[in-house]
Amino acid sequence: MIKITFPDGANKSYESGVSGLDIAKSISHQLAKEVVAVKVDGEIWDAHRMIEKDARIQLFTFEDREGKGAFWHSSAHLMAEALEFFYPGVKLGIGPTIENGFYYDIDLPEGAVLTDSEFKKIEDKILELARQDAPYIRTEVSKSNALETFTTKGDQYKVELIQDLTDGTITFYRQGNFTDLCRGPHLPSTGYIKAIKLLSIAGAYWRGNEKNKQLTRVYAISFPKQKMLVEYLERLEEAKKRDHRKLGKELDLFTFSAKVGMGLPLWMPRGAQLRERLENFLKKVQKDFGYLPVITPHIGNKELYVTSGHFAKYGKDSFQPISTPQEGEEYLLKPMNCPHHCEIYNARPRSYKDLPLRFAEFGTVYRYEQSGELHGLTRVRGFTQDDAHIFCRPDQLKEEFLKVMDIVLYIFRVLKFDDFSTQISLRDQSDHSKYIGSDENWIKAENAIIEAVKAKGIDAVVEYGEAAFYGPKLDFMVKDAIGRKWQLGTIQVDYNLPERFNLEYKGNDNLMHRPVMIHRAPFGSMERFVAVLIEHTAGKFPLWLTPEQVVVLPLSDKFNEYAKKVSELLENSDIRSFVDERNEKIGKKIRDNELRKIPYLVIVGEKEQDEQLISVRKQGDGDKGTMKVEDLVKIIDQEIQQALVFKQ
RNA sequence: GCCGGUGUAGCUCAGUUGGCCAGAGCAGCUGAUUUGUAAUCAGCUGGUCGGGGGUUCGAAUCCCUCCACCGGCUCCA
């Protein structure tokens, strides 16, 4: 007998060789049907794998992340089996699970092409295999046997994977006639898979390396119930309605023109107003935090970027230099604001008493992004950073860094971005060739960030190899409507550019010292931030940001004059309002303005005119009754004040 | 840049064995209606079927090529 301990601390004796599934059966019939994986002493196992010694266990169903992992991983194997059926000789790469589903990278036989028109028959085949309810059988194999198996099969990708594994830890899983190299865990049998949908197809380089062969990646998702698949697809459809590219068009915020050039956004009046308000909001916050405005041109002499190191790093992958017609001097479109700001610092001698200096600029920069990378407003070739560079003494670094974090967190709070994640981006641990500057400077900079994050008590993940070439950074990431992560705010500590630009200040010891630089952009870029804001709000912007706050709807053109008067009164109280004078019925005007997501609709007819009142409707919330104009002003002022209140 | 897909009116979409002047709804314009809380009615305008080339008596439809967009990969100062 062995002793099994449950998560709540309770324990129970079972015969040796009992499985997670058996244990579930002993608890309840329902649980046994749902269990798909089990954690045994911290390791995730197959639910049907035998446990042979005392252990702490935890049972997982599809609702758990661990359960989904086993479920989707097993589905990937089944998909691979179906793909082998239709494409004999197909070579298999990796088939991992992802946040929503799984994929398998495959190398199709010479001449074969997989397109989405084949999805249906592959799905059907998978379900057919699933109905056979074949068990997933785990076997431990030696490295030499494993290599032999896949060398015989001619699958060089698996061979390559096995070569990197340590002997003694290699396992195969087999279901039906299909065997795959896999750590597991897996479902007890294929019958658990009741619904599957192939989602898309993409090229993916083997091992993520551009120099390797590009394999075909098949994305799919599966569920234990058909209904769950239907719900998932519906959710996906709903999310697509929030796509900023769709809403940007519908709400007249921005557009693109192939004639202007790909990746070069054109802000329409409503979008420009929204963006301007965001900028003014941040300007005000920054003023309170002691920032000083600076303005720099859109181009800069090539030498500037040679000095900063940007040219060596990105010169080949940038828009190429333009040159003056007479002298042949080379200029680059500005890809970064920092070199310009360094030269502003250098414009005059600085004393330790001047620091910190905080130069802020909404600086528009131009970067050559690969054509396949462009994506709405989130990835463009010309964009405006809410940039600033803080030049400070080393002893001021920590405090300055924390203050920047305060700004970022404040902005996220005001705009209700509460589902963000933070990432500390450090140097690649093994390859330092991508970076400029001394090890000593890097270590100082990396430690500064780690300490600041610790001081703020923020839960950040550490990613190696994600740093900028001149310094490490702290990034704030937010997800878009369909779950893609985008970096918004960024804070970077930099000891290197001050050296390259020979920045100095005179200390109280009468000696010259080198300042430290902080690069920071709380929004990241106006383009990307607005994109994410659109998706988060589904176009229902906060009252203080929205281009039009109130629309006045006269019941018929007899009341146009009164409507105009009401609108003027609102404007006099700094409320953005306009009159919908179209010759339409009131129902039509309400519908159209609701769809345009105007926060307040004011209806005026004979009754209102006689009593000098207004009828108010709130977007998405229906009739609010009649009131005086100043009552609405009060409601709106209050709503705005509440949104902007500074809570430390 | 790479893999796969898509491209018909401002928007959403019909239009496949290649065949008369390419269609609808919404938007727009004109007129009628003077309206009480999510779509009033009628008429009209609007398209080099993404561009170019080819096959054919004939191409939105088939082929080639370029462009843009969509989903990924790689990249992201």
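Lettering follows sequence order; numbering is per chain, from 1. Computed from a predicted model, the values in this text were never measured in an experiment.
Side-chain N/O atoms of Arg207(A) include none lying less than 4.0 angstrom from OP1 or OP2 on rC73(B). Here His375(A) does not reach the OP1 or OP2 of rC69(B): none of its side-chain N or O atoms lies under 4.0 Å away. OP1 or OP2 of rG1(B) sits under 4.0 Å from a side-chain N or O of Ser371(A). Note on Tyr314(A): a side-chain N or O is less than 4.0 Å away from OP1 or OP2 of rA77(B). OP1 and OP2 of rC69(B) both lie 4.0 Å or more from every side-chain N or O belonging to Arg245(A). Between Lys558(A) and the phosphate of rU35(B), there is a side-chain N or O to OP1/OP2 separation shorter than 4.0 Å.
Centre separation under 5.5 Å together with a plane angle under 30° does not hold for the ring of Tyr470(A) and the six-membered base ring of rA77(B), so they are not marked as stacked.
Side-chain atoms of Trp442(A) come within 3.5 Å of backbone N or O of Ile436(A) as a donor-acceptor pair.
More than 12 heavy atoms of other residues, nucleotides or ligands sit less than 6.0 Å from atom NZ of Lys434(A). By the neighbour-count criterion of 12 heavy atoms within 6.0 Å, atom NZ of Lys597(A) is densely surrounded, having more than that number from other residues, nucleotides or ligands. For Phe469(A), the CZ atom sits in a packed shell: over 12 heavy atoms of surrounding residues, nucleotides or ligands are nearer than 6.0 Å.
A gap of 16 Å separates the P atoms of rU40(B) and rG25(B), to the nearest Å. rC70(B) and rC26(B) have their P atoms separated by 29 Å, given to the nearest Å. A gap of 8 Å separates the P atoms of rU48(B) and rG10(B), to the nearest Å. On the P atoms, rG72(B) is 43 Å away from rG58(B), given to the nearest whole Å. Rounded to the nearest Å, the gap between the P atom of rC69(B) and that of rU8(B) is 14 Å. Spacing of C1' atoms, rC49(B) relative to rC3(B), comes out at 28 Å, to the nearest Å. To the nearest whole angstrom, the two P atoms, one in rU55(B) and one in rC63(B), are 15 Å apart. Taking the C1' atom of each, rA60(B) and rG51(B) are spaced 14 Å apart, rounded to whole Å.
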Original post:
Where do His389(A) and Tyr345(A) land on the side chain to side chain donor-acceptor pair (under 3.5 Å) test, with the steps shown first?
Top reply: CA-CA 10 Å; His389(A) 296 93; Tyr345(A) 180 95; over 6 Å; no

Original post:
Are Thr296(A) and Lys334(A) close enough, and set up right, to give a side chain to side chain donor-acceptor pair (under 3.5 Å), and what steps lead you there?
Top reply: CA-CA 10 Å; Thr296(A) 66; Lys334(A) 178 165 70 174; 2.7 Å; yes

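For Ser615(A), counting side-chain heavy atoms from C-beta on, the closest listed nucleotide (rA38(B), rG71(B), rG36(B)) is rG36(B). Side-chain atoms of Arg217(A) lie closest to rC73(B) of the nucleotides rG1(B), rC73(B), rG5(B). Among the nucleotides rG1(B), rU12(B), rA77(B), the one closest to the side chain of Lys249(A) is rU12(B). Checking rC76(B), rG1(B), rG72(B) against the side-chain heavy atoms of Ala202(A) singles out rG72(B) as nearest. Of the candidates rC73(B), rU35(B), rC76(B), rU35(B) carries the atom nearest the Ile586(A) side chain, counting heavy atoms from C-beta on. Here rG1(B) is the nucleotide among rG4(B), rG1(B), rU35(B) with the atom lying nearest to any side-chain atom of Tyr368(A). When distances run from any side-chain atom of Ala204(A) to the nucleotides rC73(B), rU12(B), rG71(B), the shortest one goes to rC73(B). In the set rC73(B), rG5(B), rU37(B), rU37(B) carries the atom at the smallest distance from any side-chain atom of Glu608(A). Nearest nucleotide to the Lys588(A) side chain, out of rA27(B), rC3(B), rC75(B): rA27(B). Candidate nucleotides rA68(B), rG36(B), rA39(B) were compared by shortest atom distance to the side chain of Glu606(A), and rG36(B) ranks first.
Under 3.5 Å, the side chain of Arg379(A) and the base of rC75(B) form at least one donor-acceptor pair of N or O atoms. Gln214(A) contributes no side-chain N or O that forms a donor-acceptor pair with the base of rG1(B) under 3.5 Å. Residue-to-nucleotide contacts include a donor-acceptor pair under 3.5 Å from the side chain of Ser556(A) to the base of rU34(B).
When side chains are defined from C-beta on, Met526(A) does not count as touching Phe383(A), because their heavy atoms never get closer than 4.5 Å.
For the pair Asn212(A) CG and rC3(B) P, the interatomic distance rounds to 15 Å; values are reported in whole Å. Remark: P of rG36(B) and CD of Gln609(A) are 16 Å apart, rounded to the nearest angstrom. Between Trp206(A) atom CH2 and rC73(B) atom P there is a gap of 16 Å when expressed in whole angstrom units. Going from atom NZ of Lys213(A) over to atom P of rG1(B) covers 22 Å, rounded to whole Å. Rounded to whole Å, atom P of rU6(B) lies 20 Å from atom NZ of Lys246(A). Asp428(A) places its CG atom 12 Å from the P atom of rC75(B), with the value rounded to the nearest Å. When rounded to the nearest whole Å, the span between CD of Glu99(A) and P of rG72(B) equals 13 Å. Distance NZ (Lys589(A)) to P (rA27(B)): 15 Å, rounded to an integer number of Å.
Backbone-only contact: Arg484(A) has heavy atoms under 4.0 Å from sugar-phosphate atoms and none from a base. Among the atoms of the strands shown, none is found under 4.0 Å from any heavy atom of Ser308(A). At the heavy-atom level, Glu210(A) lies under 4.0 Å from the strands shown only through sugar-phosphate atoms. Among the protein residues, Tyr219(A) comes within range of the sugar-phosphate backbone only, with heavy atoms under 4.0 Å from sugar or phosphate atoms but none that close to a base. Among the protein residues, Gly372(A) comes within range of the nucleic acid bases, having at least one heavy atom under 4.0 Å from a base atom.
Nucleotide rA68(B) has rU6(B) as its partner under the Watson-Crick or G-U criteria, with both atom distances under 3.5 Å.
Along RNA chain B, the nucleotide nearest to Lys473(A) and the one nearest to Leu374(A) differ in position, and the one closer to the 5' end is contacted by Leu374(A). Checking Val604(A) against Ala467(A), the closest nucleotide of RNA chain B that is more toward the 5' end is the one next to Val604(A).
Aromatic ring pairs are classed by plane angle as parallel below 30°, tilted from 30° to 60° and perpendicular above 60°; the pair Phe476(A) and Phe420(A) is tilted.
Both cation-pi conditions hold for Lys121(A) and Phe86(A): the charged atom is under 6.0 angstrom from the six-membered ring centre and inside a 45 degree cone around its axis.
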